[in-house]
Amino acid sequence: MDHFVYHDGRLMCEDVAVENIAAKVGTPLYLYSANTLRSHYRRIAEAFAELNPTICFSVKSCQNLSVCRVLQAEGSGFDVVSGGELFRALQAGGEPEKIVFAGVGKSDAEIMQAMTSRIGYFNVESEAEMENLIRLARQQGQVVRAALRVNPDVDPRTHRYTSTGKKESKFGVDLERARRFFDTYGRTDAVRLCGIHLHIGSPVNSVEPYVAALTRTLELIDQLATAGFRVEMVDIGGGFGAYYDNDQQVPVAAEYARAIIPLLRGRGLQVVLEPGRSISANAGILLTRVQYLKQSGEKQFVIIDAAMNDLIRPALYEAYHHIWPAKVEEHFIPNHRRGLLSHSAAPAEASGAGKCQTDFGVPAEGMILADVVGPVCESGDFLAKGRALPPVQAGDLLAVFTAGAYGFVMSSNYNSRPRAAEVLVDGSMWRVVRRRESYADLIRGEVD
Ligand SMILES: *Cc1c(COP(=O)(O)O)cnc(C)c1O
C-alpha cells in the first residue's frame, strides 16, 4: 500500500522518522515517499503489461517536479490539463511524445505551446476546439494527432464534483455526437483524428463503470471502422481509487486490469492510461502540529497548524483522511501500519483486512472524539469531524494520511498563509523539494 509505517511507536516514511524531518523543516509539511510512487507505478505497469500501455501520470494530482522526475525515471509519460502543467512535464524531463493534453478550454497560446513541443496527443473536447486546433495547425504547417474525448454516459458513483463521464458533463461529447464528429473531422489533413479518450471520474472505486464505459466506447470504435475511420489509440483516463484508510473497499491495479484487459485484448489499439491518485495519493502525507485543544460545550476541538488552504479535500468533497499522531503507544498503532517494513520489502496490500477498531472513528478505551480544525476563518476549515484519536497534546505531530493527491496542488494562500514545504524521501535520504513560502512570496507580484 505505502511506505508509512510505525516502528517503535514512531511513524516512519521509508527509513526516516517523520518527526526528524518535521523538526528540521517545520510544519505544515507535505512528505512524499519516492518508493511508494515507484511501487504504485510498477503495479499499474505490471498489471496492464499485456496491453503494453503508455502510462501518463496525471500531473494535476501531484505536480512537484521531483515527484514527476521519479515517475519519469520509471518510464512514465504525463497527462496535462494546462500550459503550466505541460511546462512542468517538460521541465521534469517528460518525453513530448508521451504527453497527452486534455481540458475543455485550451487557449491558443496553450495549443501553440503544445504543438511547438510536439506532444503525443491533443485530447479534444468539442467541435469548437477542433476547429481552432485545425486552424492553428494549418497556420503552423504542422500535422498533429488528436483523440476525441467521449462521454460514455456511465455513472462512476463518485462525488458529484468529480464525476465527469455522464451525458450532461462539460467534458467530451456523447457517443452519438462522436460519430458525427468523425464524419466532419475524421479526414482532416492538419489534425489526424485517430484516438478516443475517456475519463469518467475520480475516484472510481469499482471496476464496473470502466467495463460499461469501455464496452460502449469499443462499440463506437467498431462503428467508426465500418464507416472507414481507423481509431489507433484508446486513452482510458485515470480515476483508479486509492485506499484512504476508511472502510471503503478499493480495487487494486490488478483488479482493474483483470476487468479491462479482456475488452482490449487483440484489438491492436495503442492503450494510454492516465493514473493520478492511484499513484500519488498514498505516496504523500501532510504533517501538522497540534496548536491548542479547545472544548466548546460537548465538542472537543483539536486545533492544528494546517488548514483548508493546505488540504481542501475535506471541505470541498467531504473527503476522509485518516489522521493519527506521528508518535503513539504501541496499542494505538493500526494493524496495517505496524511493522518493520523496509522500503525494499513489498508493502502491504490495500484492503480493509488490516483494520483495527481504532481506525474508523470508533473510540476505544482512552481515546478522544474530536473535530480536527485549522486556523482559517471559515467553519468549513476542518480536516476531520467527530474523529476518534489517541489522546493528543499541544505540540504533538499529527500525520494526515493519503494526502499526496489533490493535496498541495490545491493549496492556496487564503488568509495570507504561506504554502507548506514539500519534502521527498527516498530510502534513508530526504530533501526539501519545494521550500516553504515566505511572507515575501505572498506579496511578490503585487504592484504599488
Ligand atoms: C484528473 C484527471 C486524471 C487523473 O485522475 P485520477 O483520479 O487522479 O487518476 C486523468 N485524466 C484526466 C483527463 C483528468 O482530468
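Whatever order the structure lists them in is the order used to number ligands and atoms, beginning at 1. These numbers were taken from a predicted model, which means no experiment stands behind them.
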Step by step, would you call Asp310 with Arg417 a salt bridge (Lys or Arg N to Asp or Glu O under 4.0 Å)? CA-CA 9 Å; Asp310 298 300; Arg417 289 169 51 85; 2.9 Å; yes
Please work out which of the three classes, parallel, tilted or perpendicular, describes the rings of Phe401 and Tyr6, given edges at 30° and 60°. tilted
Would Tyr406 count as a contact residue for ligand 1, given that I'm defining contact as a non-hydrogen atom of the residue lying under 4.0 Å from a ligand atom? yes
Is there any N or O on Gly237 that sits under 3.5 Å from an N or O of ligand 1?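 No; the residue has no nitrogen or oxygen that sits under 3.5 Å from a nitrogen or oxygen of the ligand.
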Return yes or no for this condition: an N or O of Val81 is under 3.5 Å from an N or O of ligand 1. no
Taking 4.0 angstrom as the limit and counting only heavy atoms of Lys60, give me the atoms of ligand 1 inside it, by number and element. 1 (C), 2 (C), 3 (C), 14 (C), 15 (O)
Numbered atoms and elements of ligand 1 in range of Gly238, under 4.0 angstrom, heavy atoms: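 Listed by number with element: 9 (O), 10 (C).
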Pair His197, Glu274: side-chain N/O donor-acceptor within cut-off below 3.5 Å: yes
side-chain hydrogen bond (donor to acceptor under 3.5 Å, both in side chains) partner of Asp441, the single match among Arg419, Arg436, Arg435: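 Result: among Arg419, Arg436, Arg435, Arg435 is the only option passing the side-chain hydrogen bond (donor to acceptor under 3.5 Å, both in side chains) with Asp441.
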Ring centroid separation Tyr41 to Phe57 under 6.0 Å: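 Judged by ring-centre distance (under 6.0 Å), Tyr41 and Phe57 do not meet the cut-off.
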If you look at every heavy atom in Leu11 and Phe4, which pair is closest and at what distance? CD1-C, 3.9 Å
If you compare Gly241, Ser202, Pro275, Ser278 by their heavy atoms, the one closest to atom 7 (O) of ligand 1 turns out to be Ser202
I need the nearest protein heavy-atom contact for atom 11 (N) of ligand 1: residue, atom name and distance, please.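 Result for atom 11 (N) of ligand 1: Glu274 OE1, 2.5 Å.
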